[in-house]
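FYI, side chains are in, hydrogens and waters are out, and symmetry mates aren't considered; it's all heavy atoms of this structure.
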Number of protein chains: 2
Amino acid sequence: MFVILRTNTMFKTPITGKQKKMARYAKAMGHPVRMYVLELLSKQSCCYSGDLTEELPIAKSTLSQHLKELKEAGLIQGEIEAPKIRYCLNRENWKEAQILFEAIFDM
Amino acid sequence: MFVILRTNTMFKTPITGKQKKMARYAKAMGHPVRMYVLELLSKQSCCYSGDLTEELPIAKSTLSQHLKELKEAGLIQGEIEAPKIRYCLNRENWKEAQILFEAIFDM
DNA sequence: ATTATAGTTCGTTGTTAGACGAACGACGAA
DNA sequence: TTCGTCGTTCGTCTAACAACGAACTATAAT
């Protein structure tokens, strides 16, 4: 018989998967430019990288990096409409983030 | 007559103070240990550094650094009860953070 | 006075983040 | 085909981050 011990006692880490997940989302949101993008996308269905480049006072390569970070955190996704890329929220993960923050803020 | 132009057109930054504030809170929440602390404190009135040291698999000096980051972001505060320090949420800023996250998640 | 407890600060190390311009790749238009 | 547009990747630089142990500070207990 195998008893798979995955309790916190065993590994001495009380930090839950939810907390790790939430920290990941928070980390992605922890930069003003990325906050700007997320807020914009939460209010409209999509936006294009080029539009953001014009609005934000950063190099387009920097914007690419920020968008990449948001993609890797799972909060946004991009769809190619050659030659442009259209970005939108990943609704599933956005919902998950909402639920996690909701829980900690007791809302 | 002085006209103080502080519009976004003038300085070409559309990023609002709220977004910056929110990014600051998110940045502080963007580490699992700090997430753990905040969640614990949101559920109970206070905790002691020493208790956290025993619960978390990190050096106490590392914990001090994390607590310092949360203090500097304004999310927690410490009160000396020699020889211990009692930490609790900064209710005002916690509320502010709640409101900001509430707004972006449309809750 | 010394010792013990509790927690912070310091210094170090290695990693990551965020900024940029240049080079690049993927298209569509001419 | 070349050229232009669009956005990404690369390389570089500097700063920030997160880990640790040791030294330090502030107390209370002996």
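- With rounding to whole Å, A/Lys20 atom NZ is found 16 Å from D/dA18 atom P.
- Counting only heavy atoms from C-beta on, B/Ile85 has its side chain closest to C/dT8 among D/dC20, C/dT8, D/dC17.
- Residue whose closest nucleotide on DNA chain D sits further toward the 5' end, between A/Pro83 and B/Glu69: A/Pro83.
- Look at CD1 on A/Ile15: it is 9 Å from P on D/dA19, rounded to the nearest Å.
- Rounding to whole angstrom units, OH of residue A/Tyr48 and P of D/dT8 are separated by 14 Å.
- Rounded to an integer number of Å, the gap from B/Glu81 CD to D/dA26 P is 19 Å.
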Give the intermediate values and the outcome of side-chain contact (heavy atoms from CB on, under 4.5 Å) for residues A/Leu38 and A/Met29.
-> CA-CA 8 Å; A/Leu38 289 172; A/Met29 296 168 93; 3.6 Å; yes

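- The nucleotide whose nearest atom lies closest to any side-chain atom of A/Ser49 is, among D/dG7, D/dG11, C/dG7, D/dG7.
- Using a 4.0 Å cut-off between a side-chain N of Lys or Arg and a carboxylate O of Asp or Glu, B/Glu69 and B/Arg24 qualify as a salt bridge.
- Side chain of B/Lys68, nearest nucleotide from D/dA28, C/dG28, C/dT9: C/dT9.
- At least one side-chain nitrogen or oxygen of A/Lys27 sits closer than 4.0 Å to the OP1 or OP2 atom of C/dA17.
- Side-chain proximity of B/Arg34 to the nucleotides D/dA28, D/dG21, D/dA18 is greatest for D/dA18.
- The shortest distance between the side-chain N/O atoms of B/Tyr87 and the OP1/OP2 oxygens of C/dA6 is not below 4.0 Å.
- Of the candidates B/Lys27, B/Lys21, B/Met22, B/Lys21 is the only one forming a side chain to side chain contact (heavy atoms under 4.5 Å, CB included) with B/Tyr25.
- Residue contacts for B/Lys60: at a heavy-atom cut-off of 4.0 Å it reaches a base atom on one of the strands shown.
- Closest approach to the A/His66 side chain among D/dG7, C/dG18, C/dC20 is made by C/dG18 (side chain taken as heavy atoms from C-beta onward).
- With C/dT5, C/dT8, C/dC20 as the candidates, the nucleotide lying closest to the side chain of B/Lys71 is C/dT8.
- Between A/His31 atom NE2 and C/dA19 atom C1' the separation is 9 Å, expressed in whole Å.
- When each of B/Ile58, B/Thr53, B/Leu52 is paired with B/Glu55, the side chain to side chain contact (heavy atoms under 4.5 Å, CB included) condition holds for B/Leu52 and for no other.
- The side chain of B/Ser64 has C/dG7 as its nearest neighbour among C/dG18, C/dG7, C/dC10.
- Rounded to whole Å, the distance from CD1 on A/Ile76 to P on D/dT8 is 9 Å.
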Given the rule in the side-chain contact (heavy atoms from CB on, under 4.5 Å) test, do B/Val33 and B/Thr62 qualify, once you have shown the distances and angles that lead to the verdict?
-> CA-CA 10 Å; B/Val33 163; B/Thr62 306; over 6 Å; no

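- Listed nucleotides: C/dG7, D/dG7, C/dA19. Nearest to the side chain of A/Gln65: C/dA19.
- With C/dG18, C/dC20, D/dT27 as the choices, the nucleotide that has an atom nearest any side-chain atom of B/Ala82 turns out to be D/dT27.
- Between the P atom of C/dG7 and the CG atom of B/Leu56 lies a distance of 13 Å, rounded to the nearest Å.
- Taking only side-chain atoms of B/Ala59, from C-beta outward, the nucleotide of D/dA18, D/dT8, D/dG21 with the closest atom is D/dG21.
- The CD1 atom of A/Ile80 sits 9 Å away from the C1' atom of C/dC27 (whole-angstrom rounding).
- Ring orientation note: the planes of A/His66 and A/His31 are tilted relative to one another, at an angle of 30° to 60°.
- Taking 3.5 Å as the limit, the base of C/dG21 and the side chain of A/Ser61 contain a donor-acceptor pair of atoms between them.
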